[in-house]
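Okay, structure first, notes after.
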Amino acid sequence: MQSFIRHRRLRRKAFLRAMVRENHVQLEDLIYPLFVMEGENIRQEIPSMPGVYQLSVDRLPEELEELKALGILSVILFGVVHDEHKDDVGSQAYSEDGIVQQALRTIKATYPEFVTIADNCLCEYTSHGHCGLVRDGEILNDETLELLVKAAIEQARAGADIIAPSNMMDGFVTAIRHGLDEAGFKHIPIMAYSVKYASYFYGPFREAAHSAPSFGDRRTYQMDPANVREALREASSDVLEGADFLMVKPGLAYLDVLAKLRETFPLPLVVYNVSGEYAMIKAAKERGWIDEKGIVLELLTGMKRAGADLIITYHAKDVARWLAE
Ligand code: PBG
């Protein structure tokens, strides 16, 4: 008899398969994004993101109660402001009573057990919708850093547990680290969106956050989707500058990048399962074309297998329900 290796021996029973399973999606891995909107009594579903809502600060506690009951205790916050409160410099990003700062204070006062992550960027607050200051059609780097530092300090003052800069200006980790340290926030970690691609998958988010650029695109600061060595350079510089977490964004089309970073860096790795990825699944589900639960769990498991420690995902609530079943 010719000899061969019997892999199926370990697949014979469900519990045996569970015993040899290499990767798991667990509640502690999930970070839920919240869109906090100016105004009162707002709980507005985002059309391209069924099940995800823009919420005013007064409607946040009920959302947090739901998340807590599901076992999700980590949120990343985005602000949604009206056009008349936007300006060239995105001042709502760093004003003491900017919408995200208000939300952070509310969370701290009502549900202090949550780990709050503050997205640090200008695009939700600038009239032109770019992530940095604009002069003659150019996105200015170093001038933008000063504003991001101010925003990070206000976010930390308001109670952010982690600052997550998503703006893709060079030097943002150094600048924010120094700013936080000098302001007395040495203990606040930086979750750097180190490897953020210029992606079509952000479409639904820009609708949700009113943050689409009014001219041009983000290709002079976000990365070219064709590049992976450049991802290692971006991540290396953030590590040298003192990042505490590294992020890859989007997820699905970039799992090879995640795997490369996993091989190269020992830091906690975060993947952002972005809005376009969510919207595609929800649309197919609404048509009855896919098994949503099976597909979402398979995708998130793939992200873990590729090397993610944490997953920012709009599916978090659904996943928590499925894991509890
Ligand atoms: C802000 C930011 C974006 C996302 C997160 N932070 C959008 C962008 O860069 O235009 C996208 C998240 C998603 O699509 O879910 N810079």
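These figures come from a predicted structure and were not determined experimentally. Numbering of ligands and ligand atoms starts at 1, following listing order.
- Of the polar atoms of S211, none of the N or O atoms is found under 3.5 Å from an N or O of ligand 1, judged by distance alone.
- The protein heavy atom nearest to atom 14 (O) of ligand 1 is S275 OG, 2.7 Å.
- The cationic group of K196 does not satisfy the cation-pi geometry with Y272, failing either the under 6.0 Å distance to the six-membered ring centre or the 45° limit from the ring axis.
- Scanning the protein heavy atoms around atom 6 (N) of ligand 1, the nearest turns out to be K249 NZ, 3.2 Å.
- Geometrically, ligand 1 and Y314 share a nitrogen or oxygen pair separated by less than 3.5 Å.
- One option in F78, F205, Y221 has a heavy atom closer to atom 7 (C) of ligand 1 than any other, and that option is F205.
- A search for side chain to side chain contact (heavy atoms under 4.5 Å, CB included) contacts involving H178 returns T174, not counting sequence neighbours.
- Every residue was checked against the ring-ring contact (aromatic ring centres under 6.0 Å, His included) condition with Y193, not counting sequence neighbours, and none meets it.
- Nearest protein heavy-atom neighbour of atom 10 (O) of ligand 1: R206 NE, 2.6 Å.
- Looking at C123 against ligand 1, only its side chain comes within 4.0 Å, counting heavy atoms.
- Looking at S166 against ligand 1, both its backbone and its side chain come within 4.0 Å, counting heavy atoms.
- Looking at atom 2 (C) of ligand 1, its nearest protein heavy atom turns out to be K196 NZ, 3.3 Å.
- Every heavy atom of E277 sits 4.0 Å or more from the atoms of ligand 1.
- In N167, neither the side chain nor the backbone holds a heavy atom less than 4.0 Å from any atom of ligand 1.
- Between the side chain of Y221 and the backbone N or O of C131 there is at least one donor-acceptor pair closer than 3.5 Å.
- No donor-acceptor distance shorter than 3.5 angstrom exists from the side chain of D238 to the backbone of A235, with no hydrogens or angles considered.
- Between Y197 and Y254, the ring planes are parallel. Angles under 30° get that label, and only those over 60° would be called perpendicular.
- Here the shortest heavy-atom pairing between N227 and E230 reads ND2-OE1, 2.6 Å.
- With hydrogens and angles left out, the side-chain atoms of E65 and Y111 include a donor and acceptor closer than 3.5 Å.
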